[in-house]
Amino acid sequence: MPLIKVHKRGAIGRSIDIARFSEYGELYQALAHMFGIEGQLEERQTKGWTCLYQDDEGDFLLLGDGPWEEFVISIKSIQIMSPQEVDQKFLQKLGGGLASRL
């Protein structure tokens, strides 16, 4: 399994070997340590940082939303984003349709 790129605004991109992990909790812990954001990257956290991953179809999904086994074979990259960045990314993906109604 190739190394997976991990991106976070304001930090140098890094790579991680997903095969080292057996579940999402281990991955979250390693990502938090990698970027020095321990305690700010818990699953489903509403404040702090959010982890999204891009799958083999180019879609962005929340890290932890599907079975681990499917995640491991479909992941292409990980992005660690602030809640504002997540909102902006999904508004752009909707093509402004939702944004124009807000």
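Starting from 1, each residue takes its place in the sequence as its number. Any value given below was found using the heavy atoms of this structure, including those in side chains, with hydrogens, waters and symmetry copies removed.
- Distance check, rounded to the nearest 0.5 Å: CZ of R14 to NZ of K5 gives 12.0 Å.
- Atom CZ of residue R9 and atom CD of residue Q84 lie 10.5 Å apart, to the nearest 0.5 angstrom.
- Summarising the geometry, atom CE belonging to M81 is positioned 10.0 Å from atom NE2 belonging to H7; distances are rounded to the nearest 0.5 Å.
- The closest side-chain heavy-atom distance from L52 to L61 is not below 4.5 Å.
- Side-chain N/O atoms of S22 and E26 include a donor and acceptor closer than 3.5 Å.
- The main-chain N or O of P67 is never found under 3.5 Å from a side-chain atom of E70 such that the two would form a donor-acceptor pair.
- The line from CG of L31 to CD of E38 is 11.0 Å long, rounded to the nearest 0.5 Å.
- One finds the CZ atom of F60 at 5.5 Å from the OG atom of S77 (value rounded to the nearest 0.5 Å).
- For the atom pair CE of M34 and CD1 of I80, the computed distance is 8.0 Å after rounding to the nearest 0.5 Å.
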Residues C51, L41; criterion side-chain contact (heavy atoms from CB on, under 4.5 Å); working and verdict = CA-CA 8 Å; C51 286; L41 195 60; 3.5 Å; yes
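- Residues I12 and F35 fail the side-chain proximity criterion, which asks for heavy atoms closer than 4.5 Å.
- I16 is listed as a side-chain neighbour of L27, based on a closest heavy-atom distance under 4.5 Å.
- With hydrogens and angles ignored, the 3.5 Å screen pairs a side-chain donor or acceptor of Y28 with a backbone N or O of L63.
- Contact annotation: the side chain of I78 approaches that of I4 to within less than 4.5 Å [non-hydrogen atoms, C-beta and beyond].
- F21 places none of its side-chain heavy atoms less than 4.5 Å from the side chain of V72.
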Test log, rule side-chain contact (heavy atoms from CB on, under 4.5 Å), inputs Y24 and Q29 = CA-CA 9 Å; Y24 288 112; Q29 189 174 30; over 6 Å; no
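- Without hydrogens or angle criteria, E57 side chain to D59 main chain gives no donor-acceptor distance under 3.5 Å.
- Between Y53 and F71, the two ring planes are perpendicular [angle over 60°; tilted spans 30° to 60°].
- Using a 4.5 Å heavy-atom threshold, the side chains of I37 and K8 count as touching.
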